[in-house]
Amino acid sequence: MATREKSQPRGTCESFLERAFDLLDLDDDRRQLLRAPYREIRLELPLRRLDGSIKLFYGYRVQHDHSRGPFKGGLRFHPDVDLDHFVALATLMTWKTALLDLPFGGAKGGVDCDPHELSPGELETLTKRFTERLDGFIGPDLDICAPDMGTGPREMAWILESYSKRYGYAPGVVTGKPVALGGSLGRFEATGRGVALVTRWAIEERGDDLKKMRIAIQGFGNVGSHAALFLHQAGAKVVAVSDAGGGLRRDDGLDIENLREALGREDGPASLNEIDGEGERIGNEDLLALDVDVLIPAALGGVITADNAGRIRAPLIIEAANLPVTCAADPVLRERGTTIIPDILANAGGVTVSYLEWVQNRIRYRWDEERVNRELEEKMRSAWDDVARRVSRDGLTHREAAYLAAVARVLAAIEMRGF
Ligand code: NAD
């Protein structure tokens, strides 16, 4: 799956974008302006391993657009990343922040390492070296980093330390920090919370009742497990979940709290498919093809392709992962009448609370979790309403409506500022 994701995300992103350009009837010059990243950085990162050997890694940061505010985007530590991959994901961030009307642009980056193969000390050195070599390119008003796959609050704390050593205390250089270091309450759960909210609104838009819905979720990490938890708590039946090792299904609904508790135990199972007594085993491909009301891909990109799109039976797909449906699968699903809520809307809860964290850092004040969750819901609802209005008024798909709104906003900012 990782190899597939590496080969197709840029093409997928460009294809969705071209559709918005066509709808806006943009000339070639403007298309070029909106497509091309502002800056693409590749860094050499040598690391002396604990055994004395030297291993060379590459670090990347792609900054796509900053016409509406500083660049903003996650850092992914994964062996299968490259510059092309980050161009697609950085571009996606630009449309996501614009759609949510956050005062940020788009960026993405990371290191081509497998964090599970490195000791905590080695990872700390690598993360701090990456930060040092990005000197001059990141900062609270320049480019703000956040966690993505393979990184979390710990890595953000290391970046904060490395950056602050040179520039003085600057918590706003990263979001998704530990709460004790200026992170926001509610940030950790925010993406999953946003996915659950958008799922509820999409179900209501179809005239259905969340409590009667059967939902399958691929990926049970931060995003997938929180989305599963909030949907389960809201009364939906989460009938299947999976992670990299495989999954579990239970037709009368899985006990999500039990699964999270089992995986969270220090001596607990490493994967869902090592848990006994909670449901039947199911593979990742079979989960995608289940006869459910809602399918939520929340792991890697590129999992729904032209090859398996014909097997998808869920009438509603919520893109919790980035780019989980390829550009080749998208028209196949559209033809079958499947509604897809695009990633730039569905998983925008994380960057929205990252924005709230950045604001709290600037005013040196902490809001309680209730306020953070309330503001998250208001911002996501406003973006949802905008998209839903365009869908019903103009006969667009949710993806077309979301891209259209986002691209128009970025283009307006570029035109106003000049370049
Ligand atoms: P994570 O590392 O916490 O979890 C990833 C999950 O996917 C794990 O359960 C893992 O076992 C599973 N997985 C990995 N390979 C798989 C495979 N081949 N088949 C099935 N499952 C597999 O990552 P996350 O933070 O939950 O991110 C998940 C997705 O959501 C990514 O695409 C990420 O870019 C996107 N996203 C995350 C955030 C955020 O705030 N964390 C925000 C926006 C988008």
Side-chain angles (χ1 to χ4, degrees), residues 1-6 9 12 72-81 85-86 88-90 92-93 95-97 100 106 108-110 114-116 145-153 155-156 174-177 183-184 186-195 198 216-229 240-248 259-260 263-264 269-274 282-288 295-304 308 318-325 342-355 357 376 380:
M1 210 155 61
T3 318
R4 212 186 303 154
E5 184 188 31
K6 187 173 165 179
T12 290
K72 178 87 188 82
L75 289 177
R76 185 174 285 199
F77 284 8
H78 194 279
D80 272 336
V81 296
H85 182 108
F86 288 128
L89 294 173
L92 209 61
M93 281 304 295
W95 315 128
K96 202 179 293 185
T97 55
L100 269 289
K108 204 83 171 190
D114 181 352
H116 303 293
C145 302
D148 193 73
M149 283 174 84
T151 61
E155 287 71 20
M156 298 307 112
V174 281
T175 56
K177 300 177 282 294
S184 177
R187 171 62 184 88
F188 191 59
E189 307 85 359
T191 309
R193 189 180 291 283
V195 169
V198 165
I217 303 181
Q218 185 190 61
F220 206 65
N222 180 323
V223 179
S225 75
H226 282 115
L229 180 68
V241 292
S242 67
D243 59 25
L248 291 174
L259 299 180
R260 281 171 49 87
L263 290 175
S271 161
L272 287 162
N273 76 346
E274 292 168 23
I282 184 169
N284 265 300
E285 273 296 317
D286 289 338
L287 178 143
L288 294 175
L295 174 64
I296 307 185
L300 298 175
V303 291
I304 301 177
N308 64 7
I318 310 287
E319 292 189 332
N322 284 317
L323 301 169
V325 174
D343 43 15
I344 58 172
L345 176 58
N347 70 26
V351 71
T352 301
V353 177
S354 276
Y355 164 63
E357 177 175 330
L376 164 69
M380 290 204 69

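Both counts, for ligands and for their atoms, begin at 1 and track the order of listing.
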Chemist: Counting heavy atoms only, which part of N284 comes closer than 4.0 Å to ligand 1: side chain, backbone, both or neither?
Modeler: side chain
Chemist: Report yes or no: does a heavy atom of E285 sit under 4.0 Å from some atom of ligand 1?
Modeler: no
Chemist: Do any nitrogen or oxygen atoms of A299 lie less than 3.5 angstrom from nitrogen or oxygen atoms of ligand 1?
Modeler: yes
Chemist: Going by distance alone, is a donor N or O of one side chain under 3.5 Å from an acceptor N or O of the other, for S271 and D243?
Modeler: yes
Chemist: Would you mind running through ligand 1 and noting each atom that sits below 4.0 Å from a heavy atom of R76?
Modeler: 32 (O), 33 (C), 34 (O)
Chemist: So, for V303 and L288, which heavy atoms are closest and what is the spacing to 0.1 Å?
Modeler: O-CD1, 3.7 Å
Chemist: Going by heavy atoms, is G301 under 4.0 Å from ligand 1?
Modeler: no
Chemist: Identify the heavy atoms of P269 and L263 that sit nearest to each other, and give their distance.
Modeler: O-CD2, 3.5 Å
Chemist: Out of A298, A244, S242, who is nearest to atom 12 (C) of ligand 1 when you count heavy atoms only?
Modeler: A244
Chemist: Please work out whether any backbone atom (N, CA, C, O) or any side-chain heavy atom from C-beta onward of P147 is under 4.0 Å from ligand 1, and answer side chain, backbone, both or neither.
Modeler: neither
Chemist: Consider every N or O of K108 and every N or O of ligand 1, then say whether any pair is closer than 3.5 Å.
Modeler: no
Chemist: Taking N273 for its side chain and G283 for its backbone only, find out whether a donor-acceptor pair lies under 3.5 Å.
Modeler: no
Chemist: Report yes if N347 has an N/O atom closer than 3.5 Å to an N/O atom of ligand 1; otherwise report no.
Modeler: no
Chemist: Indicate the atoms forming the closest heavy-atom contact of S354 with T175, along with that distance.
Modeler: OG-OG1, 2.8 Å
Chemist: Run through N347, T352, D343 and flag the one making a side chain to side chain donor-acceptor pair (under 3.5 Å) with K96.
Modeler: N347
